[in-house]
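Everything on this sheet refers to the single structure shown next.
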Amino acid sequence: MGGVLLQLLRFCFWALLWLTSSVAVYPTGAPPPPPVGTSEGAAVIDGTTPIAVTDDDFICATLDWWPPEKCDYGTCSWGLASMLNLNLSNKILLNAVKEFSPLKLRLGGSLQDMVIYGMDPHQPCTPFVKNTSEMFGFTQGCLPMHRWDELNNFFKKSRAVIIFGLNALNGRVPLPDGSLGGPWNSTNAASFIHHTVNKGYAIHGWELGNELSGSGIGAKIGADQYAADVISLKKIIDNIYHGFPDKPLVLAPGGFFDAGWFGELINKTKPHSLDVITHHIYNLGPGVDEHLIDKILDPSYLDGEASTFSSLQGILRSAGTSTTAWVGEAGGAYNSGHHLVTDSFVFSFWYLDQLGMSSTYDTKSYCRQSLVGGNYGLLNTTTFHPNPDYYSALLWHRLMGSKVLSTNFTGTKNIRAYAHCARESQGITLLLINLSGNTTTEVFVTTASAFAIASKHYIPRTRFNHVPGFQRTLAFMREEYHLTAGDGNLHSQTMLLNGNILHVDSEGKIPTLKPIEVDASLPITVTPFSIVFAHIPYFYAPACR
């Protein structure tokens with residue numbers, strides 16, 4: 001009798017586990033592990049409370065200033081992608097931005113601290129000219145106000161949300177330590193901001209400077225002086241936008257993370273002078289590096305960037321400030337990236353992992369370098385046709401809500417797993433990235449509480465599965481989006497969604513991104529070198545109510 005009761009209790013336990021989750025763990029005596037070439041694992045998600053919250057418009061991309069003469073390693077990859085010469089009448093470009101509704105656009109880059117704003121009609125407004133003796137190889141350039149009108153007309157039609165990077169080097173003088181000192185001369189910038197307001201142009205935020213923090217890139221400014229300049233910018237914005245119900249954000253410094261420098265800037269601008277602290281990420285090294293793909297596919301290497309997010313989060317939490325963190329620019333590999341790597345399918349492994357990782361550390365927005373231009377654009381520099389990462393970004397934007405859930409993957413280290421509350425729908429969305437080229441992984445999804453109960457009562461084995469017999473009683477379905485490379489080639493610039501090629505039509509319209517429906521009783525199959533977004537509407541997550 002005791003044996004029968006024990007079996008009944010086990011049966012009831014597994015039934016309860018299956019009803020609250022789509023996974024359970026086999027006790028001792030489970031079937032043998034799967035054959036070589038396949039593996040199984042569990043995505044364990046704690047849906048009790050969010051661990052972080054992003055902006056609703058978390059996805060952001062950049063537009064840069066680089067002229068066509070910008071070259072790296074003998075290759076000139078920018079073409080007509082500058083804010084000064086971009087073809088704003090291109091239908092594909094307009095449609096690509098409109099699909100996000102909204103897409104944040106951060107306007108800036110290396111040359112932004114050499115831009116003057118053409119406010120004086122009596123002064124010539126000349127473009128950048130190549131000059132190797134100047135910083136970054138170009139002379140000072142000018143933004144004509146007629147071009148600013150054209151840009152803002154495009155932003156309005158595309159419903160983009162704009163962050164503008166201001167020139168922070170005006171008025172500086174060299175110091176003995178190699179940095180630039182003296183207060184920021186804000187006269188030209190303030191006139192430009194005032195003009196922008198008078199024209200009725202909507203700016204979501206004004207960012208001061210580009211890569212001048214810490215040791216700087218090309219130039220550097222001390223944190224103490226930078227903090228004073230941020231406070232000056234805040235006063236300018238408060239004055240010019242006086243009486244407005246909503247004022248633009250103040251962002252800074254748009255540079256590489258340096259814990260001491262960033263900590264000083266935060267402490268000297270708290271509690272309310274600096275809305276957003278922005279940092280840049282190029283953790284893969286130079287675009288010419290021949291080992292970029294090795295780094296992208298190495299889970300240990302990808303994990304390395306977590307320390308930056310964690311350190312900045314810790315500084316903000318301990319500072320007693322309202323300042324939040326954004327990634328203001330991230331192209332992975334600096335000096336314009338690497339053709340057929342940073343603009344191909346394989347880069348979505350790095351990009352989506354960055355989006356997932358950064359969001360878990362309360363990063364509010366993530367700006368990809370670039371929307372168009374260089375070898376890391378979301379769009380092709382010449383044709384504006386989407387590169388694979390464009391579709392990865394669009395799926396994230398449509399499926400991943402702002403509430404971030406604690407997610408752990410039990411199984412192979414080659415699976416990266418991130419979960420959010422679903423965007424504007426019930427349940428959750430789970431992102432799975434398979435960095436392995438020779439192993440298909442069957443992924444079962446469970447709540448953290450169900451997994452803890454199973455682990456406590458039974459010795460987990462390498463085999464994960466649900467209790468047979470319940471699949472017929474639960475008429476649940478989920479939606480899956482499987483992303484793979486064209487012809488199975490990681491260097492391909494063609495992306496397949498559920499086996500179908502994604503491409504714009506003859507009218508320049510972005511394709512519809514349709515999921516497949518899958519029986520909830522089945523595991524999520526993540527094939528080698530593939531990415532899966534799975535919308536699971538029935539997953540029990542109180543955080544998502």
Side-chain angles (χ1 to χ4, degrees), residues 54-66 78 81-84 86 88 93 96-97 100-115 117 143 147-148 151-152 154-156 158-168 189 192-193 196 201-213 217 230 233 237 248-257 274-282 312 323-332 334 336-337 351 354-355 358-359 363-374 376-379 389-390 393-394 396-397:
T54 70
D55 285 351
D56 285 334
D57 49 359
F58 174 72
I59 296 292
C60 169
T62 68
L63 287 175
D64 213 306
W65 294 100
W66 288 121
W78 281 87
S82 164
M83 280 177 272
L84 297 176
L86 185 65
L88 300 174
L93 176 64
V97 177
F100 286 83
S101 292
L103 176 64
K104 271 181 184 157
L105 290 177
R106 179 253 184 180
L107 316 183
S110 297
L111 295 181
Q112 84 175 51
D113 292 309
M114 301 172 67
V115 177
Y117 316 111
L143 171 61
R147 180 59 176 179
W148 186 229
L151 284 164
N152 278 278
F154 174 82
F155 299 149
K156 184 177 181 179
S158 63
R159 299 188 287 275
V161 172
I162 304 304
I163 309 297
F164 190 92
L166 295 165
N167 179 348
F192 175 58
I193 295 171
T196 298
Y201 298 149
I203 302 296
H204 185 62
W206 297 96
E207 183 177 31
L208 183 62
N210 183 82
E211 297 179 356
L212 301 172
S213 57
I217 304 295
V230 166
L233 175 59
I237 289 176
L249 301 173
V250 175
L251 303 90
F256 292 100
F257 179 69
L274 180 62
D275 297 303
V276 179
I277 191 160
T278 49
H279 65 106
H280 293 182
I281 295 176
Y282 288 89
L312 181 53
T323 305
T324 59
W326 290 16
V327 173
E329 180 184 314
Y334 59 81
S336 304
Y351 180 41
Q354 277 282 295
L355 296 181
S358 64
S359 65
T363 301
K364 301 303 183 183
S365 284
Y366 193 107
C367 300
R368 166 64 180 264
Q369 174 81 343
S370 61
L371 174 63
V372 57
Y376 36 37
L378 296 178
L379 306 176
D389 280 2
Y390 172 84
L394 187 56
W396 177 289
H397 179 74

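Quick caveat, the model's predicted, so the values are computed rather than measured. Because only heavy atoms are used, hydrogens play no part in the values below, and waters and symmetry mates are left out as well, while side chains stay in.
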Can you check whether [X] reaches [Y] side chain to side chain, under 4.5 Å on heavy atoms?
X: Met83; Y: Leu105; result: no
X: Val327; Y: His280; result: no
X: Asn167; Y: Tyr117; result: yes
X: Asp64; Y: Gln369; result: yes
X: Ile217; Y: Ser110; result: no
X: Leu355; Y: Ile59; result: yes

Original post:
Should Leu151 and Leu107 be marked as a side-chain contact (heavy atoms from CB on, under 4.5 Å) after you check the CA-CA gap, both sets of side-chain angles, and the distance that decides it?
Top reply: CA-CA 11 Å; Leu151 284 164; Leu107 316 183; 5.6 Å; no

Drop me the distance from [X]'s [atom1] to [Y]'s [atom2], to the nearest 0.5 angstrom.
X: Ile163; Y: Thr62; atom1: CD1; atom2: OG1; result: 12.5 Å
X: Cys367; Y: Arg106; atom1: SG; atom2: CZ; result: 7.0 Å
X: Leu378; Y: Leu371; atom1: CG; atom2: CG; result: 6.0 Å
X: Leu166; Y: Phe164; atom1: CG; atom2: CZ; result: 6.0 Å
X: Trp206; Y: Leu233; atom1: CH2; atom2: CG; result: 9.0 Å

Subject >> Parallel, tilted or perpendicular: ring planes of Tyr376 versus Tyr282, cut at 30 and 60 degrees >> reply: tilted

Could you report the tightest heavy-atom contact between [X] and [Y], atom names first, then the distance?
X: Val161; Y: Pro102; result: CG2-CB, 3.6 Å
X: Ala168; Y: Gly209; result: CB-CA, 3.5 Å
X: Glu207; Y: Pro253; result: OE2-C, 4.4 Å
X: Trp65; Y: Gly109; result: CD1-N, 4.4 Å
X: Val276; Y: Ala325; result: CG1-C, 4.5 Å
X: Ile281; Y: Phe256; result: N-CE2, 4.3 Å

Would you find a donor on one side and an acceptor on the other, under 3.5 Å apart, between the side chain of [X] and the backbone of [Y]?
X: Thr323; Y: Leu274; value: yes
X: Ser370; Y: Val372; value: yes
X: Asp275; Y: Val250; value: yes
X: Thr278; Y: Gly328; value: no
X: Asp113; Y: Asn210; value: yes
X: His397; Y: Phe100; value: yes

Original post:
side-chain contact (heavy atoms from CB on, under 4.5 Å) between Thr363 and Leu312: does it pass, once the steps are laid out?
Top reply: CA-CA 10 Å; Thr363 301; Leu312 181 53; over 6 Å; no

Original post:
Side-chain donor-acceptor pair under 3.5 Å between Lys364 and Thr324, yes or no?
Top reply: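 Short answer, no.
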
**OP:** Given side-chain contact (heavy atoms from CB on, under 4.5 Å), test Phe154 with Leu93 step by step and report yes or no.
**Re:** CA-CA 10 Å; Phe154 174 82; Leu93 176 64; 3.7 Å; yes

**OP:** Mind checking ring-ring contact (aromatic ring centres under 6.0 Å, His included) for Phe155 and listing every partner two or more places apart, or none if nothing turns up?
**Re:**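 None.
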
Subject >> Partners passing ring-ring contact (aromatic ring centres under 6.0 Å, His included) against Trp396 (at least two apart in sequence or in another chain) >> reply: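 Trp396 satisfies ring-ring contact (aromatic ring centres under 6.0 Å, His included) with Phe58, His420 only.
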
**OP:** Take Trp326 and Leu249 through the test side-chain contact (heavy atoms from CB on, under 4.5 Å) and record every step on the way to the result.
**Re:** CA-CA 12 Å; Trp326 290 16; Leu249 301 173; 3.9 Å; yes

